[in-house]
There are 2 protein chains.
Amino acid sequence: MSRRGTLTRERVIAAAAAVADRSGLAGVSMRSVGGELGVEGMSLYHHVSSKDALLDALAEWAIAKIDLPPPDAPWREAMETRARSARAVFVAHPWSIAMIESRPAPSAALLTHHDRVLGWLFAAGFTAPLATLAFSTVDAFVYGFALSETNLPFLPSPGAEAEFAATVSPDPGAYPNLSRSLTELLSSGDYTYPSEFDNGLTLILDAIQAQLDATRDA
Amino acid sequence: MSRRGTLTRERVIAAAAAVADRSGLAGVSMRSVGGELGVEGMSLYHHVSSKDALLDALAEWAIAKIDLPPPDAPWREAMETRARSARAVFVAHPWSIAMIESRPAPSAALLTHHDRVLGWLFAAGFTAPLATLAFSTVDAFVYGFALSETNLPFLPSPGAEAEFAATVSPDPGAYPNLSRSLTELLSSGDYTYPSEFDNGLTLILDAIQAQLDATRDA
DNA sequence: ACCTGAACACCGTTCAAGT
DNA sequence: ACCTGAACACCGTTCAAGT
């Protein structure tokens with residue numbers, strides 16, 4: 001849309017993100033990103049070496065948006081902040097979820113992230129096996145939850161409730177437990193699916209905390 | 001590859017899965033799937049209405065491969081069996097991970113899955129909120145773990161250790177905690193990243209079990 | 001009824017040509 | 001140095017034509 005100024009690698013990546021936000025990852029083509037910048041698709045090759053390189057850069061762009069507390073932050077707060085921030089980025093840019101994890105080579109940005117996370121845990125006295133368990137479990141949860149959340153409006157959430165009820169209700173006999181669950185959750189009044197993220201995260205972090213305490217006692 | 005017999009919807013879907021296994025989702029085109037069957041790409045339109053419909057069918061094909069214990073199975077065993085089976089399917093067909101959750105409309109197969117899972121939990125005395133927490137947390141973990149596992153050989157695993165060490169080792173000062181973690185885990189001798197799946201699943205299911213027991217006592 | 005060939009509007013990418 | 005137009009080998013999809 002902004003067709004002024006000279007092309008830079010940064011402007012190309014930002015334009016690609018804008019196209020992805022608007023049209024999904026499938027809408028990102030060299031020509032469409034060029035169009036976003038008022039330029040032919042072929043011009044982009046002066047700033048990125050290939051479409052694949054552009055996608056790698058796009059993955060890094062998303063990772064960089066995740067809030068990463070400082071190395072000396074307390075482990076639990078830091079893990080929560082990072083998890084919530086990652087989820088917010090994934091919801092704002094759904095195309096980034098599968099992408100961050102599916103680029104063939106782990107980027108320097110991702111390695112830095114991982115190193116920082118392990119730093120919080122080691123500083124708190126985690127052993128390497130427990131740190132790995134904590135890290136991989138929380139990360140898997142965050143990625144998987146975001147994946148479900150952005151693509152599967154399965155449980156009540158603003159706007160999705162009606163759709164979901166419409167899918168399940170026509171034949172309650174076909175999905176009796178889904179119907180029951182829906183009815184019970186909605187009757188309680190204050191239920192929203194998004195709050196399940198904090199519930200799950202707390203469940204996992206509490207369990208890890210308990211294991212950490214057990215390690216210390218031993 | 002098998003170019004005999006008449007085309008059916010099932011053969012088209014199976015051919016698409018074979019192409020995806022071999023060349024990834026990006027390698028699936030109407031022409032390539034046709035080629036797999038010894039037929040022109042245009043012929044497929046007699047059996048699937050569009051490429052998008054073919055991808056929907058492919059998602060269902062993968063879901064159907066996940067082992068789903070009977071409605072009267074004990075909840076924890078059933079959840080474990082389904083989780084491990086889902087992970088196995090995702091590892092065998094990496095293209096299916098993002099796909100199952102990213103098709104716009106939840107398929108009947110997926111709704112049936114969800115209903116069965118809720119059935120195990122309700123039979124065991126879960127409240128609707130606790131069932132939802134259990135379900136969404138376990139599912140998020142399974143999806144997210146599979147996503148990391150197939151695309152991010154970050155931690156020691158057969159064959160990936162060398163690569164990973166090569167990425168981290170050149171400059172141990174850049175990733176001190178990653179280096180430390182790697183060293184400690186490898187020195188213990190029997191560590192493998194894939195076993196982290198069972199560890200994480202157990203952590204989550206133990207925590208849920210504890211909440212269920214607390215519910216019963218109250 | 002099922003398969004095909006040509007055609008259309010797209011892709012990523014290369015390269016010689018313009019400025 | 002940076003951008004472009006034409007070209008190549010691909011896409012998904014339509015449709016008239018073949019069997």
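Both backbone and side-chain heavy atoms feed into the values below; hydrogens, waters and symmetry mates do not. First the proteins, then the strands, lettered A, B, ... as listed; each starts at 1.
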Colleague: Please report the distance, rounded to the nearest Å, between CG in B:Leu44 and P in D:dC11.
Modeller: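 Rounding to the nearest Å, CG of B:Leu44 and P of D:dC11 are 13 Å apart.
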Colleague: What integer distance in Å separates A:Glu40:CD from C:dC11:C1'?
Modeller: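 After rounding, the gap between these two atoms is 15 Å.
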Colleague: DNA chain D in dot-bracket, Watson-Crick or G-U pairs under 3.5 Å, [ ] crossing, | other strand?
Modeller: ||.|||||...|||||.||
Colleague: Which whole-number value in Å describes the distance from A:Leu7 CG to C:dT19 C1'?
Modeller: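 Interatomic distance, CG of A:Leu7 to C1' of C:dT19: 16 Å.
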Colleague: Tell me what B:Val33 touches on the nucleic acid: a base, only sugar-phosphate, or nothing, going by heavy atoms under 4.0 Å.
Modeller: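 Nothing, no heavy atom under 4.0 Å.
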Colleague: Which is true for A:Ser29 with a 4.0 Å heavy-atom rule: it touches a base, it touches only sugar-phosphate, or it touches nothing?
Modeller: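 If one applies the 4.0 Å heavy-atom cut-off, A:Ser29 turns out to touch the sugar-phosphate alone, with no base involved.
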Colleague: Between D:dT4, C:dG12, D:dG12, spot the one nearest the side chain of A:Met42, thanks.
Modeller: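 The closest nucleotide is D:dT4.
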Colleague: Could you tell me whether B:Arg82 and B:Asp139 make a salt bridge, using a distance below 4.0 angstrom between a side-chain N and a carboxylate O?
Modeller: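 Looking at B:Arg82 and B:Asp139, the cut-off is met.
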Colleague: Between A:Tyr45 and C:dT13, does any side-chain N or O lie under 4.0 Å from OP1 or OP2?
Modeller: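 Checking C:dT13 against A:Tyr45, a side-chain N or O does come within under 4.0 Å of OP1 or OP2.
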Colleague: Just the rounded figure in Å: distance from C1' of C:dG5 to CE of B:Met30.
Modeller: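 Computing the B:Met30:CE to C:dG5:C1' distance gives 16 Å.
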Colleague: For B:Arg22, is there an ion pair with B:Glu36 - N to carboxylate O distance below 4.0 angstrom?
Modeller: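 Yes, this pair counts.
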Colleague: Looking at B:Glu149 and B:Arg87, is there a salt bridge between them, counting it only when a charged N and a carboxylate O are closer than 4.0 Å?
Modeller: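 The answer is yes: the pair qualifies as a salt bridge.
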Colleague: Let me know the distance between CG of A:Leu37 and P of D:dC2, rounded to the nearest Å.
Modeller: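 Interatomic distance, CG of A:Leu37 to P of D:dC2: 15 Å.
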Colleague: Output the rounded distance in Å from CZ (A:Arg31) to P (D:dC3).
Modeller: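 Nearest whole value for this atom pair: 17 Å.
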Colleague: Any side-chain N or O of A:Ser43 under 4.0 Å from OP1/OP2 of D:dC2?
Modeller: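 A:Ser43 to D:dC2 OP1/OP2: no side-chain N or O under 4.0 Å.
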Colleague: Closer to the 5' end of DNA chain C via nearest nucleotide, is it B:Val39 or A:Ser32?
Modeller: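 That would be B:Val39.
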Colleague: Rounded to whole angstroms, how far apart are NE2 on A:His47 and C1' on D:dA1?
Modeller: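 Taking atom C1' of D:dA1 as the reference, NE2 of A:His47 is at 9 Å.
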Colleague: Under a 3.5 Å threshold, yes or no: a donor from one side chain and an acceptor from the other, between B:Trp95 and B:Asp21?
Modeller: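 A donor-acceptor contact under 3.5 Å links the two side chains.
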Colleague: What about A:Tyr193 and A:Phe145, are their ring centers closer than 6.0 Å?
Modeller: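 For A:Tyr193 and A:Phe145, the ring centres are under 6.0 Å apart.
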Colleague: Quick one: sort the A:Trp61 and A:His93 rings into parallel, tilted or perpendicular, breaks at 30° and 60°.
Modeller: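 Correct class here is perpendicular.
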Colleague: Side-chain donor or acceptor of B:His46 under 3.5 Å from a matching atom on the base of C:dC3?
Modeller: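 Indeed there is one.
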Colleague: Given atom CG of B:Asp52 and atom P of D:dT13, what is their separation to the nearest angstrom?
Modeller: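 Taking CG of B:Asp52 and P of D:dT13, I get 8 Å after rounding.
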Colleague: So that I can tick it off, tell me whether B:Arg84 and B:Asp198 are bridged by a salt bridge, with the cut-off set at under 4.0 angstrom between side-chain N and carboxylate O.
Modeller: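 Looking at B:Arg84 together with B:Asp198, the answer is yes, because their closest N to O distance falls below 4.0 Å.
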